[in-house]
Amino acid sequence: WKFQKEIETNERTVIGVNKFVSPATDLPQVLKIDPALEDRQRASLADFRKTRDNKRVKAALAELNTVARSDKNIVSSVLNAVESYATLGEISNLFREIWGEYNE
């Protein structure tokens, strides 16, 4: 109580609270995505997955799975998976399956 009272009566200086306070700034606009764009992206991704060589993708992800569970460097396996057209989501899900997900 005493500490707060000193701040409020300017007996105690707290930078940014009662001295050298920045002027209020406007908050940035929140980005709003058109739902139609989401639908187009989902359709595009589904089409992409149909047209790629899925056997090659599965093989690359299997190799990445094996390497990630060992003590070897995973960079070349990740690059191989990307070059095989594995999606970021597929690679990330593989890593989540192996190592889990960080929670504070």
Side-chain angles (χ1 to χ4, degrees):
W1 178 83
K2 183 180 178 185
F3 183 83
Q4 183 64 34
K5 188 76 169 167
E6 289 173 355
I7 293 172
E8 291 172 1
T9 60
N10 288 325
E11 293 176 41
R12 179 182 299 264
T13 300
V14 178
I15 305 298
V17 175
N18 63 354
K19 293 282 185 185
F20 308 108
V21 179
S22 299
T25 58
D26 294 334
L27 295 175
Q29 292 279 340
V30 174
L31 178 63
K32 295 183 180 180
I33 306 286
D34 181 17
L37 177 62
E38 179 184 353
D39 294 337
R40 286 194 305 268
Q41 277 298 107
R42 286 181 186 270
S44 175
L45 181 59
D47 184 49
F48 170 76
R49 286 183 171 167
K50 286 179 192 173
T51 59
R52 69 183 180 180
D53 184 359
N54 284 312
K55 287 182 182 178
R56 183 176 172 209
V57 173
K58 286 182 182 182
L61 290 173
E63 175 201 347
L64 179 58
N65 188 4
T66 303
V67 172
R69 291 180 188 276
S70 71
D71 61 348
K72 296 178 184 173
N73 189 328
I74 65 170
V75 173
S76 62
S77 296
V78 170
L79 289 175
N80 183 35
V82 170
E83 289 168 353
S84 300
Y85 296 104
T87 65
L88 178 61
E90 290 168 327
I91 295 169
S92 298
N93 287 339
L94 177 74
F95 289 156
R96 282 188 205 99
E97 178 185 314
I98 296 169
W99 297 309
E101 194 168 341
Y102 174 76
N103 292 310
E104 256 187 84

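Val14 and Phe20 fall into different hydrophobic clusters, where Ile, Leu, Val, Met, Phe, Trp and Tyr are joined by side-chain heavy atoms under 4.5 Å apart, directly or via other members. Under the 4.5 Å side-chain heavy-atom criterion for ILVMFWY residues, a single connected hydrophobic cluster contains both Leu31 and Leu37.
Looking only at distances, no side-chain donor or acceptor of Asn18 sits under 3.5 Å from a matching main-chain atom of Asn10. Side-chain N or O atoms of Glu90 include one that pairs as donor or acceptor with a backbone N or O of Thr87 at under 3.5 Å. No donor-acceptor pair closer than 3.5 Å links the side chain of Ser44 to the backbone N or O of Arg40.
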Q: Kindly indicate, with the supporting measurements, whether the criterion side chain to side chain contact (heavy atoms under 4.5 Å, CB included) is fulfilled by Leu45 and Asp47.
A: CA-CA 5 Å; Leu45 181 59; Asp47 184 49; over 6 Å; no

Side-chain donor/acceptor pairs under 3.5 Å, residues 78-86, sequence neighbours excluded:
| from | atom 1 | to | atom 2 | distance (Å) |
| --- | --- | --- | --- | --- |
| Asn80 | ND2 | Glu63 | OE1 | 2.8 |
| Ser84 | OG | Arg56 | NE | 3.4 |
| Ser84 | OG | Asn80 | O | 2.8 |

With a cut-off of 3.5 Å and sequence neighbours excluded, list every side-chain donor-acceptor pair involving residues 94-104.
| from | atom 1 | to | atom 2 | distance (Å) |
| --- | --- | --- | --- | --- |
| Arg96 | NH1 | Asn93 | OD1 | 2.6 |
| Glu97 | OE2 | Arg69 | NH2 | 3.4 |

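Remark: Glu6 pairs with Arg12 by the salt bridge (charged side-chain N to carboxylate O under 4.0 Å, His left out) rule, at least two apart or across chains.
Atoms CG and NZ, on Asp34 and Lys32 in that order, are 12.5 Å from each other to the nearest 0.5 Å. With rounding to the nearest 0.5 Å, the separation of CD1 in Ile74 from OG1 in Thr66 is 12.5 Å.
Residue-environment remark: CG (Leu88) stays at or below the threshold of 12 foreign heavy atoms within 6.0 Å.
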